[in-house]
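Worksheet for the structure shown next.
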Amino acid sequence: MRILVDISRQTLNLHAEDGALLREYPVSTAALGVGEQKGSFQTPRGRHVIRAKIGAGLPSGAVLKARRPTGEICTPELVAYAPERDWILSRILWLSGCQPGFNRLGNCDTMARYIYIHGTPDSEPMGAPKSHGCIRMRNGDVIDLFERVALGTEVLIRAGDADSPASFPLSILDWRRGWCAIRPLREAVFVREHGIPAELEFDEKDQLATHLVLWNGEGEAVACARLLREGYLGRIGVLPAWRGQGLGKRLVAAALEEARRIGWKELRLTAMANKTAFYLPFGFEPVGDEFEAAGLPHQAMRCFL
């Protein structure tokens with residue numbers, strides 16, 4: 001079984017392993033849109049799994065607080081008595097992110113944010129974003145879904161038409177939190193496409209670098225760069241499918257901002273000679289003559305901060 005939550009359509013689809021659609025349910029995701037940061041009250045995107053199932057055997061409309069039944073059954077009168085309460089009813093499917101740096105670990109950890117699929121009062125609308133970050137369902141629907149899925153079921157939360165490269169989220173990570181997302185991207189771009197030996201692409205400098213990563217709407221790393229401790233901006237890599245959409249420029253701007261925040265006085269880089277014009281609008285200037293590197297002409301550049 002696999003679950004697909006489509007934010008733009010406000011639906012939750014349950015698929016068999018072969019991709020066949022088994023059920024489609026209306027849902028309500030966050031009123032504040034999509035986002036992965038702690039305290040944002042937004043619905044996280046990307047790949048998740050069901051880490052816990054809570055509420056088996058409870059009656060429909062049973063009220064849960066701190067993942068435990070209170071003994072109450074939600075009624076219109078109870079909702080009217082506490083209209084501002086964020087009701088969690090019937091069942092909880094507690095989600096855990098699978099993509100470190102995007103929806104797992106640190107301040108973007110889905111499970112630590114207590115993001116659930118859960119039931120909600122019948123007075124709450126479906127098909128419209130109204131939640132505080134969780135994925136709300138009708139009580140009968142969440143009970144039906146609960147009985148059909150197992151722990152570990154994959155859940156993909158996709159922004160759909162609401163996502164665009166200009167709004168792809170940026171993360172600034174250390175190697176420990178970001179390596180498993182960054183490594184496949186850099187292997188695809190630098191090792192396989194550019195022919196850089198893996199032992200040179202992944203060396204001890206990675207352990208000390210600050211990594212800047214842009215993620216698409218499914219939580220896949222599509223562009224990255226590194227700030228090396230020596231004051232260098234490392235190679236910028238963008239997956240082929242996402243080139244020409246401004247992601248490289250976003251990374252350079254973010255790198256300059258982060259370097260200023262750290263307190264650096266200048267940022268240096270080495271660019272292929274035919275790419276130097278890309279950096280000039282950001283304030284970089286050539287330093288010295290061109291030189292050969294890997295059989296190609298390169299230029300050292302510097303930007304004062």
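What you see below is based on every heavy atom in this structure, not just the backbone, and it leaves out hydrogens, waters and symmetry mates.
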Revision key, fill the gap. Contacts of Q42 meeting side-chain contact (heavy atoms from CB on, under 4.5 Å) (sequence neighbours excluded), chain-then-number -> L32, S40
Check your understanding: Are D141 and L145 close enough that some pair of their side-chain heavy atoms sits under 4.5 Å apart?
Key -> no
Point to revise | Cation over ring face, K265 and F304, 6.0 Å, 45° | key: no
Exercise for review: Indicate whether any N or O donor in one side chain lies under 3.5 Å from an N or O acceptor in the other, for N13 and Y25.
Suggested key: no
Review point. Do R67 and Y114 have a side chain donor and acceptor closer than 3.5 Å?
Key: no
Point to revise | Nearest heavy-atom neighbours spanning A223 and V238 | key: CB-CG2, 3.9 Å
Review point. Heavy-atom count around E257 CD within 6.0 Å, excluding the residue itself: above 12?
Key: no
Practice item. Kindly indicate, with the supporting measurements, whether the criterion side-chain contact (heavy atoms from CB on, under 4.5 Å) is fulfilled by S171 and L212. Key: CA-CA 6 Å; S171 294; L212 296 88; over 6 Å; no
**Study point:** Cluster overlap L305 with L233, hydrophobic side-chain contacts below 4.5 Å
**Key:** yes
Practice item. Please report the shortest heavy-atom distance between L64 and S90, naming the atom on each side. Key: CD1-N, 3.6 Å
Table please: side-chain donor-acceptor pairs of residues 119-130 below 3.5 Å, with sequence neighbours left out.
unit_1 : atom_1 : unit_2 : atom_2 : d
E124   : OE1    : R136   : NH1    : 3.3

Check your understanding: Are M137 and I117 side-chain neighbours, meaning at least one heavy-atom pair lies under 4.5 Å?
Key -> yes
Check your understanding: Do T110 and H48 get their side chains close enough for a donor-acceptor pair, meaning under 3.5 Å?
Key -> yes
Check your understanding: Do L267 and I236 share a hydrophobic cluster (ILVMFWY, side-chain heavy atoms under 4.5 Å, transitive)?
Key -> yes
Review point. Is any side-chain heavy atom of D109 less than 4.5 Å from a side-chain heavy atom of K38?
Key: no
Practice item. Taking all non-hydrogen atoms of both residues into account, name the closest pair between N103 and G97 and its distance. Key: OD1-CA, 3.3 Å
Point to revise | Pi-cation contact, F168 with R250 (under 6.0 Å, within 45°) | key: no
Point to revise | Results of salt bridge (Lys or Arg N to Asp or Glu O under 4.0 Å) for E17 - residues two or more places apart only | key: R2
Exercise for review: Mind telling me whether F278 and F282 have parallel, tilted or perpendicular rings, with 30° and 60° as the class edges?
Suggested key: tilted
Exercise for review: Let me see the working for R23 and E147 under salt bridge (charged side-chain N to carboxylate O under 4.0 Å, His left out), right down to the final yes or no.
Suggested key: CA-CA 13 Å; R23 289 286 189 276; E147 296 302 322; over 6 Å; no
Check your understanding: Taking the six-membered ring for Trp, is the centroid-to-centroid distance between F102 and W215 below 6.0 Å?
Key -> yes
